[in-house]
Amino acid sequence: MNQSKPTRSISPGRRVWLRFKQNRRGYWSLIIFCILFGISLVAELVSNDKPLMVRYNGQIMFPIVTTYSEKAFGGDFASPADYLDPFIQDQFQRDGNWAIYPINHYRFDTLNYFAKSPNPAPPSSENWLGTDDRGRDVFARLLYGFRVSVLFGLALTITGVILGLVTGAIQGYFAGKTDLFFQRFMEIWGSMPELYLLIIFASIFEPGLGLLLILLSLFGWMGLSDYVRADFLRNRNLEYVQAARALGLSNGQIIWRHVLPNSLTPVVTFLPFRMSAAILALTSLDFLGLGVPPSTPSLGELLAQGKNNLDAWWIALSTFVVLTMTLLLLTNIGDALRNALDVRRKA
């Protein structure tokens with residue numbers, strides 16, 4: 001008599017992960033994006049104008065975390081040491097002294113005063129992707145700018161998700177006049193000229209990431225709010241919600257414990273695309289000069305430099321490749337998430 005093997009049950013979370021892994025393009029996009037983002041988080045260890053460790057006259061020093069004057073290395077001035085100065089580098093090669101530099105010897109704001117070519121200089125062994133019109137290393141500015149863009153996109157996405165969840169849940173669960181009031185408010189609020197508001201506030205206040213985050217968050221929640229509202233409207237009258245009401249649970253408990261967990265599909269699917277939109281918005285504003293201050297590394301500022309220096313093709317080309325690759329990876333991750341949350345697919 002044949003006995004069938006017992007089937008092992010798969011948790012819903014693991015089932016979603018298995019569906020996600022089936023999409024090889026999205027799976028490898030997630031791995032590549034995490035690796036690139038992880039490298040950017042330790043950009044100071046990868047691209048910096050200060051050595052990671054120095055041995056000078058028998059003493060171990062860490063210039064990357066401590067500021068040393070030029071006198072500490074045999075110089076004449078009390079100002080911070082310039083570790084790209086040929087004199088300082090020559091000191092590290094004498095009498096058993098040594099210095100361990102990062103892979104790239106430039107920070108995002110380092111000016112290469114000792115460059116052999118006029119700025120903007122083409123790619124070379126010293127500046128892998130060349131320099132911009134101020135003599136700053138393009139690779140370093142891309143690395144630091146990528147980190148700023150992704151962190152800004154994460155912050156804007158989290159803010160938009162929280163606001164979208166709260167407003168969408170209130171509209172969908174209570175419906176009626178509450179939903180009608182919110183819908184009219186969103187129609188009025190969404191008709192406000194966002195770009196003009198950014199221009200006005202940029203002329204009044206000093207531009208910065210905090211100001212941009214606040215202004216863009218005021219409008220970035222409405223797209224997600226509509227999806228959450230639709231799910232709450234569908235789920236609010238189902239049997240398990242009516243049973244929870246019959247048991248005497250409060251509206252807050254029903255929303256948090258029962259309706260919200262069953263309405264998170266559009267939220268999770270929304271995340272990568274919202275991040276892409278946030279990164280693209282920051283890049284566009286920086287390109288127009290309405291974004292972060294000029295001292296902050298920015299992909300949009302590099303694109304503006306590429307437009308102003310068409311003969312320096314390496315600036316625009318490298319920035320375009322980084323921006324396109326970032327948006328492509330996030331789009332692939334979003335598509336894979338959408339397919340993974342489709343219950344009609346089998347793992």
Side-chain angles (χ1 to χ4, degrees), residues 12-13 16 20 26 30 33 149-195 197-198 201 209-238 241 250-285 326-327 330-343:
V16 171
F20 182 84
L30 177 63
F33 181 81
S149 299
V150 175
L151 290 177
F152 179 83
L154 281 173
L156 188 58
T157 300
I158 293 173
T159 306
V161 165
I162 294 175
L163 294 176
L165 278 176
V166 173
T167 55
I170 293 175
Q171 294 178 77
Y173 182 79
F174 294 101
K177 294 182 179 180
T178 303
D179 184 28
L180 184 63
F181 170 78
F182 267 100
Q183 287 297 300
R184 301 294 79 78
F185 171 77
M186 290 176 60
E187 290 176 1
I188 297 173
W189 190 253
S191 63
M192 297 180 65
E194 183 178 357
L195 181 59
L197 289 177
L198 288 170
F201 280 100
L209 289 175
L211 178 63
L212 288 178
L213 180 62
I214 294 174
L215 293 177
L216 293 178
S217 297
L218 294 177
F219 299 91
W221 55 272
M222 290 186 291
L224 177 62
S225 179
D226 290 335
Y227 291 106
V228 176
R229 168 182 171 270
D231 269 16
F232 268 75
L233 284 173
R234 185 181 69 245
N235 296 330
R236 64 187 296 269
N237 291 321
L238 295 180
V241 177
S250 64
N251 290 328
Q253 292 174 324
I254 295 175
I255 292 174
W256 181 256
R257 296 181 184 178
H258 300 285
V259 186
L260 182 60
N262 294 288
S263 304
L264 289 179
T265 298
V267 177
V268 178
T269 308
F270 180 81
L271 296 179
F273 301 107
R274 179 56 187 160
M275 274 197 63
S276 300
I279 292 174
L280 195 58
L282 179 63
T283 303
S284 303
L285 292 174
T326 303
L327 299 179
L330 290 173
T331 302
N332 290 338
I333 295 172
D335 288 337
L337 271 177
R338 182 175 57 194
N339 294 334
L341 294 171
D342 188 354
V343 296

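The figures here come from the full heavy-atom set of this structure, side chains too, leaving out hydrogens, waters and symmetry mates. Just so you know, residue 1 is the first one in the sequence shown, and it goes up from there.
- Here the CG-CG distance, from Leu224 to Leu271, works out to 8.0 Å after rounding to the nearest 0.5 Å.
- For Arg234, the side-chain hydrogen bond (donor to acceptor under 3.5 Å, both in side chains) partners at least two apart in sequence or on another chain are Asp231.
- Between the CD1 atom of Ile279 and the OG atom of Ser284 there is a distance of 11.5 Å, given to the nearest 0.5 Å.
- The closest side-chain heavy-atom distance from Phe33 to Asn332 is not below 4.5 Å.
- Atoms CG and CG, on Leu282 and Leu151 in that order, are 11.0 Å from each other to the nearest 0.5 Å.
- Judged as a salt bridge (Lys or Arg N to Asp or Glu O under 4.0 Å), not a single pair has a partner in residues 160-176 (not counting sequence neighbours).
- Nearest heavy-atom pair across Leu216 and Ala281 is CD1-CB, 4.3 Å.
- Listed by chain and residue number, Tyr173 satisfy the side-chain hydrogen bond (donor to acceptor under 3.5 Å, both in side chains) test with Asn251 (two or more places apart in sequence, or in another chain).
- Proximity of Met186 to Trp221: side-chain heavy atoms (C-beta onward) are separated by under 4.5 Å at one or more points.
- Scanning all heavy atoms of the two residues, the minimum distance from Gly172 to Arg236 falls at O-CD, 3.0 Å.
- Distance check: Phe273 CZ to Ile333 CD1 gives 10.0 Å after rounding to the nearest 0.5 Å.
- Side-chain contact between Ser149 and Thr326 is absent, with no heavy-atom pair separated by less than 4.5 Å.
- Thr159 OG1 to Leu154 CG: the interatomic distance, rounded to the nearest 0.5 Å, is 10.5 Å.
- In this structure, CG on Leu156 lies 11.5 Å from CD1 on Ile214, to the nearest 0.5 angstrom.
- In this structure, Trp189 contributes its side chain and Leu218 its backbone to a donor-acceptor pair below 3.5 Å.
- Across all their heavy atoms, Gly334 and Thr269 have their closest contact at O-CG2, 4.4 Å.
- When every heavy atom of Asn235 is checked against every heavy atom of Asn262, the shortest pair comes out as ND2-O, 3.6 Å.
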Report the C-alpha separation of Met222 and Thr167 in whole Å, then their side-chain angles, then the decisive distance to 0.1 Å, and conclude whether the side chain to side chain contact (heavy atoms under 4.5 Å, CB included) test is met.
CA-CA 9 Å; Met222 290 186 291; Thr167 55; over 6 Å; no
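- The shortest heavy-atom contact between Leu264 and Leu165 is CD2-CD2, 4.4 Å.
- Taking both residues in full, the closest heavy atoms of Leu197 and Phe219 are given as CD1-CZ, 3.5 Å, listed atom of the first, atom of the second, then distance.
- Residue Phe20 places its CZ atom among more than 12 non-hydrogen atoms of other residues, nucleotides or ligands, all under 6.0 Å distant.
- Under a 3.5 Å cut-off, the side chain of Ser217 and the backbone N or O of Leu213 do form a donor-acceptor pair.
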Can you list the steps and then say if Asp226 with Arg229 is a salt bridge (Lys or Arg N to Asp or Glu O under 4.0 Å)?
CA-CA 5 Å; Asp226 290 335; Arg229 168 182 171 270; 5.5 Å; no
